[in-house]
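Both backbone and side-chain heavy atoms feed into the values below; hydrogens, waters and symmetry mates do not. Proteins get letters first, then strands, A, B, ... in listed order; numbering begins at 1 in each. For clarity, every value in this text was computed on a predicted model and none was experimentally measured.
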Amino acid sequence: MHAGLLRDLEKLLGSSSVLFQPEDVLLYEYDGSVEKGRPDIVVFPTTTQEVSQIVKLAVKDNVPIVGRGAGTGLSGGALARIGGVMIVFARMNRILSIDPENQRAVVQPGVVNFDLTLAPDPSSQKSCTIGGNVAENAGGPHTLAYGVTANHVTALELVLPDGEIVRVGSAQGDAPGYDLTGLFVGSEGTLALVTEITVKLTRKPEAIKTQLAIFDSVDDAAETVVDVTARAIIPAACEMLDGWTLRVVEDFVHAGFPRDCAAVLLLEVEGLAEAVTAQAAAITDVCKTHHAREVRLARDNAERELLWKGRKNAFGALGRLAPSNYVLDGVIPRTKLPQTLRHVREIGARYGFDICNIFHAGDGNLHPIVLYDPRDKGQFERAMQASAEIIRYCVEVGGTLTGEHGIGMEKAELMPLLFSDADFDLMRRVHDACNPACLLNPGKIFPLSKGCGEIRIRAKSSSRPSPS
Amino acid sequence: MTSAASNFAARLASAIGASRVSADPAECTEYAVDEIVPAAVAKPSATEEVAEIVRFAALEKLALIPCGNRSKLEIGMPPSRYDLALDMTGLNQIAHYDPGDLTVGVDAGANFNDLAAPLFKQKQFLPLLVPFYFESTIGGIIASGLDSSLRHSCGTARDFLIGAEFVDGTGRLCKSGGRVVKNVTGYDLHKLLIGSLGTVAVITRLNFRTFPAPPASRSFVLSFSAPRDALVFSNLVERSPIRPASLDLVSPRLIELFVEAEKNSSQPPTAALKGEFPAGSWHLCVSVEGSPQDCERASREFAELAASSTAKPAQFVTLNENEGAGLWHYVSQFISFLLEACPLTAIFKITILPSRLAPLLEQLRALADQASLPYAVLARACGVLYFSLLLPSDEHESLNSASLQPLAEATSAVFSFCTSENACAYLPWCPNQLKRQVNTWGSPRADFGLMRRLKSAFDPQNLFAPGRFL
């Protein structure tokens with residue numbers, strides 16, 4: 001398959017930068033989601049020019065192209081849904097310049113998030129790449145105060161599906177005309193490949209205070225979140241872990257989470273020392289008003305880091321509870337938090353699943369985690385059904401399908417819950433303005449019935465049953 | 001008006017109701033854009049009517065420009081065609097306001113002030129005190145893409161516009177984003193509406209994240225004899241742990257205009273401008289927000305900085321909340337003071353990395369001096385420079401291309417200089433006649449082709465404000 005293309009790619013990149021043996025490309029058929037999609041060829045370019053050449057070669061042969069960073073995505077965004085060439089940006093991992101005075105860095109897409117002082121801090125930040133963050137418009141715990149990736153990207157270098165290299169935005173960020181940077185960030189690799197990114201670097205605040213509030217009832221914790229905002233406090237982060245989760249995390253990380261409580265909130269405030277002290281005290285008051293059993297203040301940086309380690313490693317720890325788990329990503333208006341958490345519990349009970357909650361409570365970004373055994377096909381399908389029901393509920397209360405993981409393959413079929421035919425038509429036209437032949441990351445974002453004709457046919461064989 | 005035009009007005013009237021359409025020449029003149037008068041004005045009162053009007057325009061191949069209170073219609077190039085004005089002020093309701101969620105959704109035609117009032121009651125606000133805000137609709141503010149002094153701390157609309165509804169060029173109501181603060185569902189099409197001047201779609205609804213009002217604020221004016229010193233100082237402020245809410249530099253000529261306006265105004269605007277401003281000085285205007293203790297600390301630390309810095313201010317004035325409101329009113333409305341004082345003004349918006357603001361400003365001043373043109377400046381420390389060239393107004397009488405020549409030449413020089421310095425520049429305000437000689441969008445950018453393709457995706461027949469941009 002694609003013998004000519006393979007030869008051309010090896011000629012362009014050298015054979016050490018091209019994988020095509022089934023046992024090699026097998027490694028790239030997964031990401032962090034439950035989806036699968038195997039590429040036919042995997043390439044590792046080192047320059048923008050090479051990316052442009054690869055794109056030209058693939059397009060000439062009408063072969064689909066998918067970009068990929070570290071493959072930590074949770075919605076199947078970086079999977080080759082209908083095969084084709086996968087461009088892995090692992091070797092485009094240089095920080096091209098750092099300008100502390102102007103708080104800017106210019107980086108290649110394969111740079112790992114953790115290597116920069118960047119505000120968006122996904123839990124996978126030690127392995128996920130900036131390119132992936134840009135594609136998905138990634139968030140993280142601290143987006144509550146600092147915003148998501150789109151708020152921290154000022155310019156992009158793009159390779160369009162005809163191989164053209166275009167720069168959009170500007171180092172400062174504000175450029176005449178339409179905000180193309182704003183459109184391309186979060187477009188999930190369906191409009192262009194990103195080969196260079198200018199990001200805003202974040203200055204460290206003078207003071208940080210991290211508190212752990214411990215509750216005997218999930219409702220009380222949820223009400224606390226609502227009330228903190230009502231008192232005009234915007235914490236830098238406001239995370240919730242329910243009892244299920246924190247017991248497992250505690251066994252694994254030993255972060256000091258009490259094993260017998262119903263929920264904890266991890267609250268962080270940043271800013272001037274005086275202000276932070278006052279805000280932390282105000283937060284303690286709110287927690288106490290809502291019957292917090294205890295509110296602990298991290299005494300030093302080590303304790304703070306331990307609390308965050310507990311939060312950020314929680315997903316991994318859940319592997320100890322069940323053979324597999326399915327991480328959801330839905331958003332609700334934060335005032336609907338208490339009722340939504342109750343509803344999630346009901347859904348879990350109805351389907352017979354334990355559902356853990358560990359999420360960005362402050363901005364209403366839920367991550368219910370359904371624990372299931374994938375060896376039991378019936379369980380998998382029920383887990384998907386329960387998940388779809390939770391996401392539907394998020395939409396019903398005024399929320400949305402995804403806050404930071406993206407639509408990818410995972411939620412494409414749920415898109416009609418929010419969007420009309422007119423919306424899809426326009427999105428399709430925007431898509432086609434950049435990616436007319438639908439060769440760039442096909443089968444993502446759009447439901448298959450609204451996607452490109454050819455994709456509809458080719459994807460039928462590989463798609464799992466719709467979660468609805 | 002041609003008979004074809006009056007025909008379409010009559011047909012449109014029969015489609016959406018006679019009271020919603022006017023072809024009265026006097027009324028149409030009020031909707032002129034760069035002296036181009038539309039043949040009719042449509043005034044929808046509901047979203048479905050907007051869609052119907054656009055479908056009608058698509059069918060009849062009419063060019064239309066959506067507008068609110070028409071305070072910023074001169075931004076952009078003159079439209080290449082303009083048949084129908086779409087007055088959106090009939091869509092003016094607050095659709096939802098959820099203080100607990102810090103979100104609000106509002107019709108495009110609602111006045112900014114009508115939205116600000118209920119937010120104020122809940123001790124919240126939207127950081128959109130852009131030029132002309134008090135006479136603007138929300139849709140107009142977003143479509144014009146203007147920034148405010150608070151961008152320093154709150155960002156620009158792209159940072160807090162969370163969703164929108166709009167009618168595309170096929171006359172269908174579309175949406176993107178939503179009502180929640182975090183959302184990556186589908187393409188962020190609403191970001192393309194910001195600064196689109198009606199060229200992309202007709203905005204009908206905008207959803208924002210709101211901000212809690214700070215418990216206290218304080219402002220400072222530091223006066224310097226050289227702008228370079230002022231910018232050195234502003235850099236020190238930025239490096240201090242205190243994060244100012246606003247940090248703007250006002251040139252001597254601009255502060256004079258503020259003072260004159262204050263003197264001549266029969267009824268002073270919302271708040272008075274307080275303070276003595278040493279003549280010929282550049283004034284760094286700083287505001288801080290937070291608890292009263294935060295404000296106290298800022299006062300103390302800025303005073304220490306002023307005493308110890310090599311860039312010493314000649315004067316350091318602290319303003320309380322009310323006095324600060326006066327100052328920021330003038331600073332926020334600097335465009336209107338400039339245009340009132342000197343109608344033949346070319347105002348550039350230039351963006352550049354902050355560290356290069358000072359050298360850029362020096363060069364631009366030299367350029368203005370060379371052309372013997374007075375200038376005024378408002379610079380935001382985050383790298384935004386509003387540079388205006390003022391053609392002396394005694395030349396009004398005989399306004400022709402020859403009298404505009406010095407302005408045209410200087411304008412071209414500013415554009416080429418900005419290009420060479422890697423700064424982005426365009427000319428939001430200038431005398432209409434100048435647009436015959438100068439493209440207000442400056443040197444073509446590499447991404448204009450992509451923008452054109454996206455505009456066609458939204459508006460395949462090029463009905464929306466053709467020619468104003470691209």
Would you mind checking which part of [X] comes under 4.5 Å of any heavy atom in chain B, side chain (CB onward), backbone (N, CA, C, O), both or neither?
X: Ala230(A); answer: neither
X: Ala278(A); answer: neither
X: Pro100(A); answer: backbone
X: Met415(A); answer: side chain
X: Gln103(A); answer: neither
X: Glu164(A); answer: side chain
X: Arg167(A); answer: backbone
X: Ile332(A); answer: backbone
X: Thr335(A); answer: both
X: Val166(A); answer: side chain
X: His360(A); answer: side chain
X: Arg428(A); answer: neither

Fill in: salt bridge (Lys or Arg N to Asp or Glu O under 4.0 Å) contacts in which one or both residues fall within residues 153-166 of chain B, not counting sequence neighbours
Asp179(A)-Arg158(B)

Heavy-atom contact with chain A under 4.5 Å, split by part of [X]:
X: Pro354(B); result: both
X: Pro460(B); result: side chain
X: Ala423(B); result: neither
X: Phe211(B); result: neither
X: Thr103(B); result: neither
X: Ile352(B); result: backbone
X: Leu102(B); result: both

Identify the two heavy atoms, one from [X] and one from [Y], that lie closest to each other, and give their separation to 0.1 Å.
X: Met427(A); Y: Tyr187(B); value: O-CE1, 3.6 Å
X: Asp363(A); Y: Lys182(B); value: OD2-CD, 3.6 Å
X: Cys174(B); Y: Ala422(A); value: SG-O, 3.7 Å
X: Pro176(A); Y: Tyr426(B); value: CB-CD2, 4.0 Å

Inter-residue atom distance [X].[atom1] - [Y].[atom2], 0.5 Å rounding:
X: Asn422(B); Y: Gln172(A); atom1: CG; atom2: CD; answer: 12.5 Å
X: Leu426(A); Y: Ser176(B); atom1: CG; atom2: OG; answer: 8.5 Å
X: Arg172(B); Y: Ser420(A); atom1: CZ; atom2: OG; answer: 7.0 Å

Picking from [options], which has the most non-hydrogen pairs under 4.5 angstrom with chain B?
options: Ser170(A), Ala207(A), Ala232(A); answer: Ala232(A)
options: Asp432(A), Val331(A), Val185(A); answer: Val331(A)
options: Phe424(A), Phe419(A), Phe446(A); answer: Phe419(A)
options: Leu180(A), Thr154(A), Asn137(A); answer: Leu180(A)
options: Asp421(A), Thr229(A), Asp329(A), Leu191(A); answer: Leu191(A)
options: Ala138(A), Gly186(A), Ala275(A); answer: Ala275(A)

Kindly indicate whether the side chain of [X], heavy atoms from C-beta on, has any atom under 4.5 Å from the side chain of [Y].
X: Asp447(B); Y: Tyr178(A); answer: no
X: Arg429(A); Y: Ser456(B); answer: no
X: Leu353(B); Y: Asp99(A); answer: yes
X: Leu450(B); Y: Phe184(A); answer: yes
X: Val430(A); Y: Leu454(B); answer: yes
X: Leu401(A); Y: Asn183(B); answer: no
X: Glu274(A); Y: Ser291(B); answer: no
X: Asn151(A); Y: Phe160(B); answer: no

Practice prompt. Answer yes when Glu206(A) and Arg297(B) have at least one side-chain N-carboxylate O distance shorter than 4.0 Å, and no when they do not.
Written response: yes

Fill in: Note: Lys349(B)-Asp174(A) ion pair, threshold 4.0 Å (strictly below)
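A salt bridge is present here (some side-chain N lies under 4.0 Å from a carboxylate O).
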
With chain A, which of [options] has the greatest number of heavy-atom pairs at distances under 4.5 Å?
options: Leu470(B), Ile194(B), Asp168(B); result: Asp168(B)
options: Asp294(B), Asp188(B), Ile350(B); result: Asp294(B)
options: Thr170(B), Val184(B), Asp147(B); result: Val184(B)
options: Gly290(B), Ser355(B), Cys424(B), Pro428(B); result: Ser355(B)
options: Gly383(B), Ala425(B), Ala446(B); result: Gly383(B)
options: Trp441(B), Phe448(B), Phe458(B); result: Phe458(B)

Discussion item. Using only non-hydrogen atoms and a strict under-4.5 angstrom cutoff, which residues of residues 141-150 of chain A touch chain B?
Written reply: Thr143(A), Val148(A), Ala150(A)

Worksheet entry | Polar side chain donor-acceptor pair, Thr402(A) to Thr185(B), under 3.5 angstrom |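 No, Thr185(B) and Thr402(A) have no side-chain donor paired with an acceptor closer than 3.5 Å.
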
Response to the item:
Expected contact set for residues 234-242 of chain B against chain A at heavy-atom separation under 4.5 Å reads Asn235(B), Glu238(B), Arg239(B), Pro241(B), Ile242(B)

Worksheet item: Ser97(A): what forms a side chain to side chain contact (heavy atoms under 4.5 Å, CB included) with it, not counting sequence neighbours?
Response: Val106(A)

Worksheet item: For the side chain of Lys191(B) and the backbone of Thr181(A), is there at least one donor-acceptor N/O pair under 3.5 Å apart?
Response: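 Answer holds: no.
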
Item to complete: Without swapping roles, check the side chain of Arg179(B) against the backbone of Gly398(A) for a donor-acceptor pair under 3.5 Å.
Response: no

